[in-house]
Amino acid sequence: MSRERTYKVDLLTRVEGEGRFHLVVDGEDVKEAHLSIFEAPRFFEAFMRGRSFQEAPDIVARICGICPVAYQMSAVRALENALAWVPTPEIRTLRRLLYCGEWIESHALHVFLLHAPDFLGYASAMDMARDHKALVERGLRMKKAGNSLIEVLGGRAIHPVSVRVGGFSRAPSPAELGALRPALEQGLGDALTTVKWASGLRAPELESDYVFVTLCAQDYPLEWGDQIAISGRGQFPVEAFDELFEEQQVARSNALHCRLRDGTPYLCGPMARLNHAHERLHPTALAALATSGLTLPLRNPYRSIVVRAIELVHAFAEALAIIDGYSCPQPACFDLEAASASGSGASEAPRGLLWHRYELDAGGLVETARIVPPTSQNQARIEADLVAIAPELLRLDHDAATRRCEQLIRAYDPCISCATHFLELTIDRAGADRSSAI
Amino acid sequence: MDSSNPVHARRPRLGVFKLASCDGCQLTLLDCEDELLAVAQAVDIVHFPEASSSLMPEGPFDVVLVEGSLSTSEQLEQLHRIRKNARALVTIGACATAGGIQALRNFADHAEFARAVYARPDMLPILAKSTPVAEHVSVDFELRGCPIDKRQLIELIAAMLVGRAPVIPNESVCMECKRRGAVCVVVTKNQACLGPVTHAGCGAICPAFARGCYGCFGPRERPNTRALAQHMRAQGLTGREIARSFRLFTAYAPEFREESERHES
Ligand code: SF4
Ligand code: SF4
């Protein structure tokens, strides 16, 4: 007698973008474990061609409304590398501050509005607010502080306008940044409270043997780094991305899966960063880690809600430190000369490593653009984890088991809009004729 | 918006839907941190997948907010279903109102595009063009921007609650520049700026950040794009550069589309 069970959700909720999952289990055998992405592709890499390098930060922002700054930062890194220009320390610091704002906004959104309802048993944060008003308000307060930081630096929280190849169109005055201090201080306190709260949440048991992948530099991985660290394998230049990883076309999905060259799925994002770089956390965040009860290496994805809380502490503490030592970059922006050149660059989006590569012609127009977002890197790993929890699902009733799968998928904070803009690339490689793409 | 038949004692039922988009416009609702919980009390949010796992895709709705452009035939079917179940349909953002940045593919060579499509037969049925919602169903109100402006969204919701029309002026970004006291980047820096032909709503963010407007709110009513393009030529921009300026987040809006086509080649 077949004991086949199917768990599925046709429209994943409380994630960014559109996807579904499908898990078929027969006894202890997993027959299928798919996270499919049906979000419509938008062909960014195709229509980037022929655009000026100066337009890139504005255009790539529109890949994702939740992490536009990450796209802007990886793009300027890649393009500035191509044009052999190194940003001044002041510009680098201001970019890090902007990125802190995005981490705060995105992590607060995920922890409180998207993921917390799974742990407390609600459909949404709005429902949760009826019984846990103070909790939701704390999340909204932090989110607002992150958004305010982005607004002061870039004019608006979503798709800020000031990020340029070569710097910022305008840098804020010390007084403008100083005005953010009270909200950021409050945010730091809220984030510390959040670590305590998140540590107390009951997380299902799950330990997987992950290969973690992060950007690697002197500081905690964020906006900067020329090396990619792969656990157990070493560090490699960002430029070598294609020698390290392989994007595979998967029939059921509109996104490409990324694996190590030997086929191993890997994980990027908060848990990978914490495992690789915890000693580089801001001291306040390191202290919060010590009291959180997490033991490293951390291998339980459900606990990533605690990691995001720790990264919230880090981002607030670091933002305050940057504001205190701020001096306005002079000039805020350098004019870079167009050149026939190519370069790669990466940064740590809230969800993990985001890699870009561009080739420019002599007039500075993009000839090819390639973008590998975190969610297509994590997708194979998410499916492997669905396989891993299958035996446990047998002990739950069908609804609870389905909710457990969703909770697991949400732990990765998948950003599905990000993952889907790459169909043209698939076509390109399948057809082996670059000029046939749009 | 239709206010002739006010909803009785019950709270208005709101649905939020997504087509091809970056989620930024619907995120604007969640970014109303100070208002969100009050809105959730005043309005019955019955379908909003990004924020809630209790779904009711078939409504019925008093108001739906639709983000994103039409890119697949499935989305087209979905849009007709949404329209059928909604008393008022509001499009939010440049994707929904003008086809979005993804409409840049509308300008590509279709034969080439089709060849590319057939290289992957298991692909979703991608439509030849990315198009705005209003090209397919009637729209009761539209909010411009890439992304929409938070204040305009709150104004829309407030107006909807009392059954009045939202107050959203149709003027150019230049007017907002003056109100904000921003220095004109055209006059002082000889920068290219779409402010004179772009719909107001953002509060003149770009000029306040020392750069020209790139038109993310799309064309204002009766924009004089020809005169602006002439001025850009006088500023030293090439035809291609002018075409590119009009061809960004609202490239497929007729006024910008036509102007960009004049400067192609
Ligand atoms: S209009 Fe802009 S912000 Fe809104 S969904 Fe489209 S790309 Fe995103
Ligand atoms: S100034 Fe123009 S491009 Fe900038 S935000 Fe406003 S409408 Fe958009």
Side-chain angles (χ1 to χ4, degrees), chain A residues 11-18 38-44 46-47 51-52 55 58-59 62-66 68 109 113-114 117 123-127 129 133 136-137 140-141 143-144 147 154-159 161-162 164 169-170 251 254 406 417 423-424 426-427 430-431 436-438, chain B residues 18-28 30-31 33-34 36-37 40 45 48-55 57 68 71-72 74-75 100-102 104-105 107-109 112-113 115-117 119-120 122-124 126 130 146-147 149-150 202 205-206 208-211 214 216 241 244 248-249:
Chain A
L11 175 61
L12 280 166
T13 54
R14 280 186 273 121
V15 298
E16 197 255 9
E18 298 189 300
F38 57 91
E39 171 100 17
R42 286 162 77 218
F43 305 99
F44 272 81
F47 62 63
R51 305 300 303 209
S52 155
E55 295 175 298
D58 295 331
I59 294 178
R62 270 68 181 187
I63 293 174
C64 179
I66 298 182
L109 173 79
L113 272 62
L114 308 186
S124 73
M126 284 86 83
D127 290 345
K133 189 137 190 265
V136 176
E137 280 174 346
L140 290 172
R141 202 157 57 224
K143 186 163 154 311
K144 186 179 171 188
N147 278 334
R156 59 180 168 197
I158 301 169
H159 307 330
V161 307
S162 63
R164 310 276 65 200
S169 67
R170 173 189 180 275
N254 285 337
E406 285 184 274
S417 305
L423 203 52
E424 181 267 341
T426 314
I427 295 159
S436 74
I438 57 164
Chain B
K18 166 194 165 68
L19 305 168
S21 66
C22 83
D23 285 39
C25 286
Q26 50 175 316
L27 181 64
T28 305
L30 299 179
D31 274 359
E33 289 96 0
D34 293 334
L36 184 63
L37 296 182
I45 305 178
F48 187 4
E50 183 165 43
S52 172
S53 41
S54 81
L55 301 178
S71 266
T72 68
E74 275 179 20
Q75 287 172 335
I101 184 75
Q102 57 275 20
L104 287 179
R105 70 184 168 87
F107 299 91
D109 177 332
E112 235 178 32
F113 183 68
R115 271 206 305 282
V117 170
R120 217 189 107 158
D122 55 336
M123 193 174 137
L124 275 174
I126 298 292
S130 161
C146 180
D149 181 75
K150 210 156 116 173
C202 73
I205 295 171
C206 291
F209 276 75
R211 60 175 294 194
Y214 53 89
C216 82
E241 285 166 340
R244 281 210 307 273
L248 269 170
F249 308 101

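Every heavy atom of this structure was used, including side-chain atoms; hydrogens, water molecules and symmetry mates were not. Per chain, numbering begins at 1; letters A, B, ... match sequence-line order.
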Does any backbone or side-chain atom of Gln26(B) lie under 4.5 Å from a heavy atom of chain A? Answer side chain, backbone, both or neither.
neither

So which of Lys133(A), Arg170(A), Glu137(A), Glu406(A) has the biggest tally of heavy-atom pairs under 4.5 Å with chain B?
Arg170(A)

Arg14(A) and Leu113(A), any side-chain heavy atoms less than 4.5 Å apart
no

So which of Ala123(A), Gly17(A), Gly65(A) has the largest heavy-atom pair count under 4.5 angstrom toward chain B?
Ala123(A)

Contacting region of Cys25(B) [heavy-atom separation from chain A under 4.5 Å]:
neither

Is it the backbone or the side chain of Thr28(B) that comes under 4.5 Å from a heavy atom of chain A, or both, or neither?
both

Cut-off 4.5 Å, heavy atoms of chain B, and the answer for Val15(A) is backbone

What part of Asp34(B) is in contact with chain A, defined as an atom under 4.5 angstrom from a non-hydrogen atom: side chain, backbone, both or neither?
side chain

Only pairs of heavy atoms separated by less than 4.5 Å count here; which of His159(A), Met126(A), Lys143(A) has the most with chain B?
Lys143(A)

Heavy-atom cut-off 4.5 Å, strictly under: side chain, backbone, both or neither for Leu37(B) against chain A?
side chain

So CG of Leu248(B) and SG of Cys216(B): to nearest 0.5 Å the spacing works out to 10.0 Å

Looking only at heavy atoms and a cut-off of under 4.5 Å, which of Cys146(B), Gly24(B), Cys206(B) has the most pairs with chain A?
Cys146(B)

When the 4.5 angstrom heavy-atom criterion is applied to Leu109(A) and chain B, the contacting part is side chain

What residue in Arg211(B), Gln75(B), Glu241(B) has the most heavy-atom pairs under 4.5 Å with chain A?
Arg211(B)

Just checking, Arg62(A) and Phe44(A): is the charged tip under 6.0 Å from the six-membered ring centre and within 45° of the axis?
no

Using the ring centroid of each side chain, check whether Phe107(B) and Phe47(A) are separated by less than 6.0 Å.
no

Out of Val136(A), Ile158(A), Ile66(A), Leu11(A), which one racks up the most heavy-atom pairs below 4.5 Å with chain B?
Ile158(A)

When you measure from the centre of the six-membered ring of Phe43(A), is the NZ or CZ of Arg105(B) under 6.0 Å away and within 45° of the axis?
no

Would you confirm whether Ser71(B), through its side chain, and Ala20(B), through its main-chain N or O, come within 3.5 Å as a donor-acceptor pair?
no

With a 4.5 angstrom heavy-atom cut-off, which part of Ala208(B) approaches chain A: side chain, backbone, both or neither?
backbone

Heavy-atom pair count under 4.5 Å with chain A, highest-scoring of Leu55(B), Leu104(B), Leu19(B), Leu36(B):
Leu104(B)

In terms of side-chain geometry, is the basic nitrogen of Glu33(B) or Lys150(B) positioned less than 4.0 Å from the acidic oxygen of its partner?
yes

Which atoms of Leu114(A) are under 4.5 Å from chain B, going by heavy atoms: the side chain, the backbone, both sets, or neither?
side chain

How about Ser169(A) and Arg164(A): does a side-chain donor come under 3.5 Å of a side-chain acceptor?
no

Specify which of Ser52(A), Ala129(A), Pro117(A), Ser162(A) makes the most heavy-atom pairs with chain B at under 4.5 Å.
Ser52(A)

Closest non-hydrogen atom pair between Ala51(B) and Leu30(B), with its separation:
CB-CD2, 4.0 Å

I'd like to know if the side chain of Asn147(A) and the backbone of Ala157(A) have a donor-acceptor N/O pair within less than 3.5 Å.
no

Chain B contact via Arg141(A) - which portion, at a heavy-atom distance below 4.5 Å:
neither

Between Arg244(B) and Glu55(A) (salt bridge meaning N to carboxylate O under 4.0 Å), is one present in this structure?
yes

